[in-house]
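Let me begin by presenting the structure, written as C-alpha cells, before commenting on it.
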Amino acid sequence: MNADELVNPRGQAVPGIENRASDCDEGAVERAEEHVRTAAAEVRQAGAEIEHAEHDLERAEAELEEAEADRRHKVEVTVDRSPKCVEAGEYTVSAFKELVGVAADRELDILKDGALHPLEDDAKIAIHGCEVFVSHARTGGSS
Amino acid sequence: MASLDDLAEVKAVCPGAVYISEGGSEFVDLPTLKIPVGDRVETRDALLSLNTHTGYTSRLYLSAPIAGRGQNWTSHMVLGRTWHTPSWNNVSPGRPIEMLPQHLKVYR
C-alpha cells in the first residue's frame, strides 16, 4: 500500500488528497483567478478613490484657509485723513487707537450719519472697512 | 487760512461748509450742522472761528441756543447775523475738523 493511500477501518481504500485534488476541475481554478483579478481591480479602484478623496480634502482645507483669511481680512479705514489698513473685527477703542497710531491722550470720534460721535476709550467698535475717524485733543471746558 | 483739504474734511459732516472771513478773523460757515445732544441730534446753523474771537481761543456760534446744555449763553453779531454761544474756552487750535468736536463736547 502506498504511504499516501488512506484506508478505512475495514481496510478499504478511500480517496486521498491527491485523489480529492484530482476531483477539482479547471473551472474552480479559473473562478479563483477571476476572484483574484476582481479583487485586484477593486483594490485599484479603491486606491483611485482614496487619491480622489485626498484631493477633495486638500481642496476643502484650502477653502477653509481662504475662509479663515477672509474672516480676518484686511480693510481700509481713514484716520485723520490717512488711510490705514487693519484687520476687520471688534476692538476696544484704546487698542484701536494704538493700532492706528493715535496717541492715548487724544480722543477719537467716528463719523457716522453725517455727525461726529465721540468714542470712549473702553468702548468696543466693530470695524468693517471704510469707517472714518478723527482724533483731537481733549480740550475745551466751561470758563 | 485753512487748506482746501481741511475744508473737505469738514464737508463730510457739513456738506455746505465754506470759509468766510470778517475783519481779519477766519471762520468756517457750517449751515445745518448736526449736533449730537445726549441720544438725539439737533440741527443748527453754526459758525466756527478758527482764531481767537471775543476773548476766547476759538468759538462755535450757533443760530439758536440748545436747551439744557452749556452755561452763560451770550449773543454776538458776526457777519451781520446774531449768533449764540455758551461759555466754552480753551479749545486747542488745529484743523477745523479737530476743533469742531472739542466745541461740540459741551452739548453731549
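The analysis underlying the following values was restricted to heavy atoms, covering all of them including side chains, and did not include hydrogens, waters or symmetry mates. Per chain, numbering begins at 1; letters A, B, ... match sequence-line order. Bear in mind the structure is a predicted one, so any value in this text is a computation, not a measurement.
For B:Asp45, the side-chain hydrogen bond (donor to acceptor under 3.5 Å, both in side chains) partners are B:Arg81, not counting sequence neighbours.
For the pair A:Lys84 (side chain) and A:Val77 (backbone), a donor-acceptor distance under 3.5 Å is absent. B:Ser21 places no side-chain N or O within 3.5 Å of a backbone atom of B:Gly24 that could act as its donor or acceptor partner. Looking at B:Glu26, its side chain never comes within 3.5 Å of a backbone N or O of B:Leu50 through a donor-acceptor pair.
At a threshold of 4.5 Å between non-hydrogen side-chain atoms, the residues A:Ser135 and A:Lys97 do not count as touching. No side-chain heavy atom of A:Val102 sits less than 4.5 Å from a side-chain heavy atom of A:Phe133.
Looking at A:Glu34 and A:Arg31, no side-chain N of the basic residue comes within less than 4.0 Å of a carboxylate O on the acidic one, giving no salt bridge.
Residues of residues 92-108 of chain B lying under 4.5 angstrom from chain A, judged on non-hydrogen atoms, are B:Ser92, B:Arg95, B:Ile97, B:Glu98, B:Pro101, B:Gln102, B:Lys105, B:Arg108 in numerical order. Inspection of non-hydrogen atoms places B:Tyr56, B:Gln71, B:Asn72 of residues 52-76 of chain B under 4.5 Å from chain A. Annotation: residues 83-91 of chain B contacts chain A through B:Ser87, B:Trp88, B:Asn89, B:Asn90, B:Val91 [non-hydrogen atoms, separation under 4.5 Å].
Options A:Arg81, A:His117, A:His136 differ in how many heavy-atom pairs under 4.5 Å they form with chain B, and the most are formed by A:Arg81. Chain B forms more heavy-atom pairs under 4.5 Å with one residue of A:Ala137, A:Gly114, A:Gly141, A:Pro118 than with any other, namely A:Gly141.
Between A:Glu131 atom CD and A:Ile110 atom CD1 the span is 5.5 Å, to the nearest 0.5 Å. In this structure, OG1 on A:Thr38 lies 11.5 Å from CD on A:Gln45, to the nearest 0.5 angstrom.
Heavy-atom minimum distance, B:Pro31 versus B:Cys14: O-SG, 3.0 Å. Residues B:Thr82 and B:Met77 approach most closely at OG1-CE, 3.5 Å, considering heavy atoms. When all heavy atoms are compared, the tightest approach of A:Glu90 to A:Lys124 is OE1-CD, 3.6 Å.
Within 6.0 Å of CD in A:Glu87 there are more than 12 heavy atoms belonging to other residues, nucleotides or ligands.
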